[in-house]
Amino acid sequence: MTVTTRFAPSPTGYLHVGGARTALFSWLYARKHGGKFILRIEDTDLERSTQESVDAILDGMAWLSLNSDNERPFFQTEHFPRYKEIIAQLLADGHAYYCDCSKEELETLREQQMAAKEKPRYNGKCRDANKPQSDKTVVRFKTPLDGAITIPDLVKGEITVANKELDDLVIARADGSPTYNLTVVVDDMDMQITHVIRGDDHINNTPRQINILNALNAPLPQYAHLPMILGADGARLSKRHGAVSVMQFRDEGYLPEALLNYLVRLGWSHGDQEIFSIDEMIEYFDLADVNGAASTFNMEKLLWLNHHYLMHSDPARIVPHLVWHLGQLGIDAKQEEVDLIELVKAQRERCKTLVDMAAASVYFYHDFDGYEEKSAKKAFVEGSDNVLAKLEEAFSHVPTWEAEALHDIVKNVAAQLELGLGKVAQPLRVAICGSGVSPSIDVTLSLLGRDKTLARLQRAISHIQTLA
Ligand code: GLU
């Protein structure tokens, strides 16, 4: 049987990192077994589902390259006739019944149960009452009265729940629309899902879903419930801990491979290895190695991984991400203007994120407003205009604009003026970058190009002359 997994988000918010980890584990499991991975959008809650969230989920999955095997995303709202068919079947087979208990009646029951310190649950009043259908009736599933459901959970171990702990859940609302537990069961059955990998917030639903699957004589999938992700303070990870949506990590300058590597290690391990290529993840991943306890999100480690991937990835892979971030700063980065591969190579050592890298690269594209005060004060002193004028002269005549030749010019000017290299390089750096921080001066010059270099030297010379 083909291993088939699914990621089934409800489009009621952004794609949370917890959801992304669930998606990653499901995707890895399918890929490892040469199986199928399905993306299913659970949008039956019409009030809470939004197109914006659907887009955020699709964008997040695409950014992480967690490709699904369905040609286009599956939307539950497109399958109402199928859910109705199954509800009718369950009714016909005596596994479900109409219930006309009113809201008030159910509320009173709840209050009584709470007062008696009992677990609030439906008392089965309509179960054998043969109520006819009306516009006020919901459909309830007949949960078996005896016995128990045992879930051999692949992460949590065996979980057993007695059926008497469960009540007769609503599977269709009064307007005929199906509820969450029904749609999940129908889709998992129809899609022949072999492994349901999801957050452990769904553990309570699992025995109910198994009861419905049994009533439909459907084979049971295997279940793997993933523990939750906590913030550093031990509370469930949420917005107040910082970025939690996948797209926010993109916006904050993380590479998708760094986030994936970070997520795979949240609750899963393979010896003490920390860095995993996607191929290694696929090769080594196993649900048996997922830890049943909650894991804590550690931003520092993610940042460390991001820097690792910036340093060690093929620069050509980083370029499109850098271009996107430059675009966010209003820069249309074209290869003809600045060699992007060389730019990545020059910047990556000192940048932990792509946001840092883009910010540190602005001067290659746009003239800066003014000079950073401290560096300018140190670098632009009496005589610096002369140093810069000498450089300008030599740069305007150099036949090839290449790092080596440019380096020689800086060295020669220093020698000619009997100055240390720093006394030449530093005013030059501030003149062309606006501050005292840049990649090595020859690389910076070669990336910047002759025209911008000469114009900026001119500008600095005039500036220094106004100081005198
Ligand atoms: N739609 C559910 C959610 O977003 C997940 C359902 C499932 O994985 O079974 O929480």
Side-chain angles (χ1 to χ4, degrees), residues 3-30 36-61 64 66 68 70 73-80 83 86 141 149 151 153-156 159 161 169-171 177-213 216 218-229 236-238 244-246 263 267 287 290:
V3 166
T4 307
T5 64
R6 82 310 194 267
F7 176 50
S10 304
T12 53
Y14 46 81
L15 178 59
H16 185 277
V17 281
R21 184 193 55 168
T22 302
L24 172 63
F25 284 15
S26 306
W27 183 87
L28 285 174
Y29 198 74
K36 280 204 305 193
F37 169 71
I38 292 173
L39 176 62
R40 182 168 89 207
I41 308 285
E42 304 208 321
D43 56 348
T44 53
D45 185 340
L46 300 177
E47 265 167 39
R48 294 178 58 223
S49 301
T50 64
Q51 186 55 43
E52 213 185 331
S53 305
V54 171
D55 294 342
I57 291 164
L58 299 179
D59 290 351
M61 296 291 283
L64 291 171
L66 297 178
S68 70
N70 31 335
F74 178 101
F75 291 92
Q76 286 190 325
T77 43
E78 293 174 7
H79 298 270
F80 272 61
Y83 306 131
I86 294 291
F141 176 72
I149 294 294
I151 316 160
D153 192 281
L154 295 171
V155 170
K156 305 255 172 187
I159 303 168
V161 181
L169 67 144
V170 174
I171 54 173
S177 64
T179 59
Y180 161 71
N181 279 304
L182 189 277
T183 57
V184 166
V185 163
V186 174
D187 291 338
D188 284 347
M189 175 176 75
D190 286 353
M191 293 171 169
Q192 302 185 337
I193 300 297
T194 57
H195 294 76
V196 170
I197 300 169
R198 61 183 170 197
D200 65 5
D201 47 333
H202 285 289
I203 267 187
N204 288 338
N205 291 319
T206 307
R208 300 173 212 276
Q209 294 175 8
I210 291 180
N211 274 324
I212 305 177
L213 285 163
L216 293 167
L220 299 182
Q222 290 193 267
Y223 291 90
H225 288 96
L226 308 177
M228 59 177 165
I229 301 174
R236 194 193 180 99
L237 188 70
S238 70
V244 283
S245 97
V246 168
L263 291 177
L287 288 168
V290 174

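Each ligand, and each atom within it, is numbered from 1 in the order the structure gives. The shown structure was predicted, so the numbers you read here are calculated from the model rather than taken from an experiment.
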heavy-atom search around atom 2 (C) of ligand 1 in the protein gives Ala8 O, 3.4 Å
For atom 10 (O) of ligand 1, closest protein heavy-atom neighbour:
His202 NE2, 2.8 Å
Is there a polar contact between ligand 1 and Asp201, counting only N or O atoms under 3.5 Å apart?
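Looking only at distances, the answer is no, because the N/O contact criterion of under 3.5 Å is not met.
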Any N/O of Pro9 closer than 3.5 Å to an N/O of ligand 1?
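No, since none of the N or O atoms of Pro9 sits under 3.5 Å from an N or O of ligand 1.
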Record the part of Ser10 in heavy-atom contact with ligand 1 below 4.0 Å; permitted values are side chain, backbone, both and neither.
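Answer for Ser10: both.
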At under 4.0 Å between heavy atoms, is it the side chain or the backbone of Tyr180 that contacts ligand 1, or both, or neither?
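Within the 4.0 Å criterion, Tyr180 contacts ligand 1 through side-chain atoms alone.
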At their closest point, which heavy atom of Gln209 faces which heavy atom of Asn181, and how far apart are they?
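The answer is NE2-OD1, 2.8 Å.
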Which atoms form the tightest heavy-atom contact between Ser26 and Ile197, and what is the distance?
OG-CB, 3.5 Å
Going by the order shown, which atoms of ligand 1 are within less than 4.0 Å of some heavy atom of Glu42?
1 (N), 2 (C), 5 (C), 6 (C)
Of all the heavy atoms in Arg6, does at least one lie under 4.0 Å from an atom in ligand 1?
yes
With ring centroids as reference points, do Tyr180 and His202 lie under 6.0 angstrom apart?
yes
Evaluate side chain to side chain donor-acceptor pair (under 3.5 Å) for Asn70 paired with Ser68, printing each intermediate quantity in order.
CA-CA 6 Å; Asn70 31 335; Ser68 70; 2.9 Å; yes
Hey, could you give me the CD1/OH distance between Ile159 and Tyr223, rounded to the nearest 0.5 Å?
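Nearest 0.5 Å value for the CD1-OH distance: 11.5 Å.
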Report the C-alpha distance between Arg40 and Thr183 in whole Å, list the side-chain angles of each, state the deciding distance to 0.1 Å, and finish with yes or no for side chain to side chain donor-acceptor pair (under 3.5 Å).
CA-CA 11 Å; Arg40 182 168 89 207; Thr183 57; over 6 Å; no
